[in-house]
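In what follows, every heavy atom counts, from backbone to side chain, and hydrogens, waters and symmetry copies are set aside. Quick note on labels: first sequence line is chain A, next is B, and so on, each numbered from 1.
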Protein chains: 2
Amino acid sequence: MERPGRPTISDVARLAGVHASTVSRALDPSARHRISRAVAERVAAAAEQLGYRPSALAAGLRSGRSHTVGVLVPDLTNPVFPPIVQAIEAALARAGYVTLLASTEADAAKEALLIRRMAAQGADGIILASAATGSPAPGAAARLGLPLVLVNRRLPGAELPAVVSEDAAGIGLAVRHLLALGHRRIAHLGGPSGVATAADRLRGVRAALRAEGLAPVAVERAAAYTRQAGAEATRALLRVRRGGFTAIVAANDLLALGAYDALREVGLRIPADISVTGFNDMPMADLVDPPLTTVRIQHAAMGEAAAEAMLARLRGEAGPGTVRLPAALVVRASAAPPQAG
Amino acid sequence: MERPGRPTISDVARLAGVHASTVSRALDPSARHRISRAVAERVAAAAEQLGYRPSALAAGLRSGRSHTVGVLVPDLTNPVFPPIVQAIEAALARAGYVTLLASTEADAAKEALLIRRMAAQGADGIILASAATGSPAPGAAARLGLPLVLVNRRLPGAELPAVVSEDAAGIGLAVRHLLALGHRRIAHLGGPSGVATAADRLRGVRAALRAEGLAPVAVERAAAYTRQAGAEATRALLRVRRGGFTAIVAANDLLALGAYDALREVGLRIPADISVTGFNDMPMADLVDPPLTTVRIQHAAMGEAAAEAMLARLRGEAGPGTVRLPAALVVRASAAPPQAG
DNA sequence: GCGAAAAGTGCAAACGATTGCTCAGACGGT
DNA sequence: ACCGTCTGAGCAATCGTTTGCACTTTTCGC
């Protein structure tokens, strides 16, 4: 008649007629071999009968491992992140880990606070999506003794495991596509400074152009990876160099869509007047008007690899250093040969 | 020279020259009044000096409150969820809670497993986005004694707090818009059965039409809220009733985009031949071709309200029951007057 | 069969907080 | 002056596990 609360390990022990420590071992796959088969089975049966679920809190307190990993993203509404986060969560869940999610809003103070809070919650490690230079994460994580894995963006200088795309080579694909279409005067709509992907992609654009003896006719860096910032930077590009380029290589899809907005404002047609390419191949990139020619990155694979890298670290293995996943060109309709004349 | 590990409450106590229990009280705003001002300040200083961060694990173990809330979504890559999740996380974070995220993949077994796992982690409550009939969540949560709050979809029958949109009234806006444009033969591309929003929106379509003495000329329900399922259901609609309708009211944006795909396959132009409306006003809905006329719901407000409802419950307050947030029509270009003749 | 090694369990001390009790002293009313 | 109340702080138990150590039994080599 009494409300028993959740059964504890002692309840199981009592029912199985053994000591709690024996139950603990019998239920731990890595210690089960120290227990006789008969007892292990009796314990399993008792646990099953009681519907016993060990308290991860108590286990974490004692063992120091909470089976919890924190994931930090700057902005979940940026379509790049959901697939990555989802893949991370799935991979962690498969390994029995639960995912703590928080959004930093690209604010360094918030990032530091969230890491501390996750550490207080006993997180075993932190996966940081989109680190920016000056990010307090490496310092904070190191101070707290937490393994840190970067995903989507690396952090040059810091020796941290990271899973990223082949940014330079990937955007080179887009540039070469434009060159093949006959473009010679190409502008780059770059990502914010302090972000590794932005620098890498700018480098990639320069390299691909240089291979043909060319250089970008203009480079304008957006203040953030958002549609609004992309539109603004494109307006700047038009102010400075209107008519001076026939194509814009954007550092990501959101920026490219911002370019769509800005080009439309001044009556320029895509791709008839100006070609535009993006980067990321985010969901819906095929549905915009015109469908965006872009570079596909492996969102899911990236998330999964990041989770695997974290799990390897948590197992005490060295794990991979920086992993670079290849990107592929996706040709749609936003890039076409330049207008004759 | 020794590696001190993280400072514990006893370290702070020692430094402040008081007992650990006094530190605990001095640091707890709701118990601070039992401590003299002088001691409280000494403790605060000591904690500050040591960089003390209480272990949420230990606190949770003893107090039964882990300051952790689990959030379950069926699929994070559905653009409806990120803004909701982000708002939930932000509101919870403001209250000092951390968010556990997991994706159920619309799988009941997985949903049950994840709830158990979150309970084992000591989660204080569960917020479930998009419950479907037959969801094991209410039962599981009740068994575990966890408060459950629904967001985006309610669960008819279960007496659970839920924060949803005014689905019926909202989609009525779209229908009335179509009627005002002159459409009379309207088909409904419905959501999956077993999902409350789908039923509510279907009801809303019927009600709005009935007010004019009309009824939907066809109703086809998609197997899931995805672009693919939307395309398939639209193909079915065309098979059955091609030419029999001049507009499609879709139960959500993803379905509407699927309709775009299917209509294009057979050479039908939007909106010249067929008008299409969506629901949700997801990000990018304005960028597709043609820009989607849809119904805007308050993603962020919904997430925030759900988090607030959960926090109220955790404070022991009754909190609101079902909250319905109004929706608004967003007119873009996918709906136009029907072709003459 | 003997002793040593191995196997299988139990014991009890952590882990780091929270909280019901106890207790000493200050205070105030009569 | 005395007694009761209140305040502020300490004591110690407790939350539910894990794990180093000690203690029996087997097991096995010789």
- [ ] Assign each of B/T22 and B/L57 to its nearest nucleotide of DNA chain C by heavy atoms, then name whichever residue's nucleotide is nearer the 5' end.
- [x] B/L57
Task: Cationic N near anionic O, under 4.0 Å, A/D11 to A/R14 - done: yes
TODO: Check the distance between D/dG16's C1' and A/H19's NE2 and give it to me in whole angstrom.
DONE: 13 Å
- [ ] Measure from CD1 on A/I9 to C1' on D/dT18 and round the result to the nearest Å.
- [x] 8 Å
Open item on the list: At 4.0 Å (heavy atoms only), tell me whether A/S21 reaches a base, stays on the sugar-phosphate, or touches nothing.
Closed with: base
Task: Interatomic distance where NE2 belongs to B/H33 and P belongs to D/dT7 [whole Å] - done: 9 Å
- [ ] Mind listing the closest non-hydrogen atom pair of A/Q121 and B/H67 along with its distance?
- [x] NE2-O, 3.5 Å
- [ ] Scan A/S24 against the nucleic acid and name what it touches under 4.0 Å (heavy atoms): base, sugar-phosphate only, or nothing.
- [x] base
Open item on the list: Nearest whole Å is fine: how far is D/dG16 C1' from A/D28 CG?
Closed with: 15 Å
Open item on the list: I need the minimum non-hydrogen distance between A/R117 and B/A93, along with the two atoms involved.
Closed with: NH1-O, 2.9 Å
Task: Backbone of A/A16 reached by a side-chain donor or acceptor of A/R42 within 3.5 Å - done: yes
TODO: Examine C/dT9: is either OP1 or OP2 under 4.0 Å from a nitrogen or oxygen in the side chain of A/S36? Give yes or no.
DONE: yes
- [ ] Determine the contact category for B/R37: base if any of its heavy atoms lies under 4.0 Å from a base atom, sugar-phosphate if only primed atoms, P, OP1 or OP2 are that close, otherwise nothing.
- [x] nothing
Task: Atom-to-atom span, CG of A/L27 to P of D/dT19 - whole angstrom - done: 14 Å
- [ ] Please work out if A/V39 contacts a base, only the sugar-phosphate, or nothing of the nucleic acid, heavy-atom cut-off 4.0 Å.
- [x] sugar-phosphate
- [ ] Using whole Å, report how far CZ of A/R34 lies from P of D/dT18.
- [x] 15 Å
TODO: Would you tell me whether B/E111 and B/S135 have side-chain atoms, one donor and one acceptor, within less than 3.5 Å of each other?
DONE: yes
TODO: Side chain of B/R25 only, please: which of D/dC15, C/dT18, C/dG20 is the nearest?
DONE: C/dG20
Open item on the list: Could you tell me how far apart B/R62 (CZ) and D/dC15 (C1') are, to the nearest whole angstrom?
Closed with: 6 Å
- [ ] Could you state the atom-to-atom distance from CZ of B/R53 to P of C/dA17 in whole Å?
- [x] 12 Å
Open item on the list: Using a heavy-atom cut-off of 4.0 Å across all strands, would you classify A/S55 as base, sugar-phosphate, or nothing?
Closed with: sugar-phosphate
